[in-house]
Amino acid sequence: MPELPEVETTKLGISPHVVGGKICEVIVQRSDLRWPVSPELGEMAGVVFVSVKRRSKYLLLETDSGQVVLVHLGMSGSLRLVPPAEEWRKHDHIGITLSGGLQLRYHDPRRFGLVLVVPLSEIQTHPLLKNLGPEPLEEGFTGAHLHAALRGKTIALKVAIMDAKVVVGVGNIYASESLFRAGIHPRLPAEKLSKPKAERLVAAIKEVLTESITQGGTTLRDFLNSDGQPGYFKQRLFVYGRKGEPCRVCETPISHAVLGQRATFWCAVCQRR
DNA sequence: CGAACCTCCTGCGGGC
DNA sequence: TGCCCGCAGGAGGTTC
């Protein structure tokens, strides 16, 4: 389940091997992902990657042809670099062989991800990207921004911070974890979040994501030929997935409910609205 | 516009 | 131990 830290880790891991590489061959085993893989991808031989960027959980592989390969890993996707001759695993759907002697392999069991080719000139206005809120780790994401973005929203705060128009990159796990760190109840109506609490929550989101990226970084050295799955599973989560288990701070059993169709976890003592 | 719900798909966990 | 059912989840789409 790639969350923003995993996508950032992926970006950092593949960049050194992808940037400057010329596409020798594109192999599409399956094109029925979240949306069909762009047919143009198969015609990109000879094109050179010039940069790898990230916006929200999208990876943008920019090329010298004015095209951008837009990749989203969905829930189960990963990118890894392998020798071109390496055997294709089950659910390896796309291989992009590069001049440097490696192949970028897209793997996605559930096929919730996507690989699209978008003209660079249309990136800013692309439907998937144009309405995205601020990056959580950039300066534009402040308590004031969050407070303003939640105005008029009656939905649960936890649901609201997962809305990409409010802020991008806060997935289900980190939404619960951030609220725990900020000591705020996930069911608080979003518009009721005070400015001081908004400041606390923003700080918590930045902390959680930053720490997780740091952990993802520990897997970077193994990124080449690895399965590309950094291990946030290994990190010590405070509340996520811990229903009924003792809170790591006060030992109260962790609460669980479904909010906005998503599993939500909190400590009823540490997080009092 | 906001809110609630639906959908895609497969691996895996829980239950028996 | 082994099988099977049903859940989980990112995020766009649909409906009200």
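Quick note: numbers below take in every heavy atom, side chains included, and nothing from hydrogens, waters or symmetry partners.
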Undergrad: N/O contacts under 3.5 Å, protein versus nucleotides 12-14 of chain C?
TA:
from: dG12(C); atom 1: OP1; to: Tyr58(A); atom 2: OH; distance (Å): 3.0
from: dG12(C); atom 1: O4'; to: Arg34(A); atom 2: NH2; distance (Å): 3.2

Undergrad: Name the residue from Phe112(A), Tyr106(A), Tyr58(A) that meets the ring pair (Phe, Tyr, Trp, His ring centres under 6.0 Å) definition with His72(A).
TA: Tyr58(A)
Undergrad: Do Phe238(A) and Cys267(A) make a side-chain contact, defined as non-hydrogen atoms from C-beta onward lying under 4.5 Å apart?
TA: no
Undergrad: Report for the helix from dG2(B)-dC16(C) to dC16(B)-dG2(C): angle between first-end and last-end helix axes, five pairs each, rounded to 10 degrees.
TA: 50°
Undergrad: Met75(A) has an atom CE; how far is it from atom P of dA8(C), in whole Å?
TA: 11 Å
Undergrad: Between dA11(C), dC9(B), dA3(B), which one does the side chain of His72(A) approach most closely?
TA: dA11(C)
Undergrad: What is the separation between atom NE2 on His107(A) and atom P on dC9(B), rounded to the nearest whole Å?
TA: 17 Å
Undergrad: Expressed as a whole number of angstroms, how long is the span from Leu33(A):CG to dG10(C):P?
TA: 17 Å
Undergrad: Roughly how many Å is it from CG in Asp108(A) to P in dG11(B), rounded to a whole number?
TA: 11 Å
Undergrad: Going by atom types alone, do Lys130(A) and Thr125(A) pair a side-chain donor with an acceptor below 3.5 Å?
TA: no
Undergrad: Between Arg110(A) (CZ) and dC12(B) (P), how many Å, whole number?
TA: 8 Å
Undergrad: Quick one: does Ile96(A)'s side chain get under 4.5 Å of Phe49(A)'s, heavy atoms only?
TA: yes
Undergrad: Taking the side chain as every heavy atom from C-beta outward, state whether Lys158(A) and Leu188(A) have any pair of such atoms under 4.5 Å apart.
TA: no
Undergrad: Tell me, do Gln67(A) and Val118(A) make a side-chain contact under 4.5 Å, heavy atoms counted?
TA: no
Undergrad: Whether Thr154(A) contacts dA3(B) is assessed here as follows: a side-chain N or O lying under 4.0 Å from the phosphate OP1 or OP2. Is that the case?
TA: yes
Undergrad: So, do Ile14(A) and Leu104(A) sit near enough that their side-chain heavy atoms are less than 4.5 Å apart?
TA: yes
Undergrad: Round to the nearest Å and state the distance from Asn172(A) atom CG to dA8(C) atom C1'.
TA: 9 Å
Undergrad: Can Phe112(A) be said to stack with the base of dG10(C), given centres closer than 5.5 angstrom and planes under 30 degrees apart?
TA: yes
Undergrad: How close or far is atom P of dC1(B) from atom CG of Asn131(A), stated in whole angstroms?
TA: 10 Å
Undergrad: Starting from C1' on dC12(B), measure out to NZ on Lys90(A) and report it in whole angstrom.
TA: 13 Å
Undergrad: Less than 4.5 Å apart, side chain to side chain, heavy atoms only: is that true for Glu177(A) and Glu211(A)?
TA: no
Undergrad: Is any side-chain heavy atom of Ile161(A) closer than 4.5 Å to one of Leu179(A)?
TA: yes
Undergrad: So which one's nearest nucleotide on DNA chain B is more toward 5', Gln261(A) or Lys165(A)?
TA: Lys165(A)
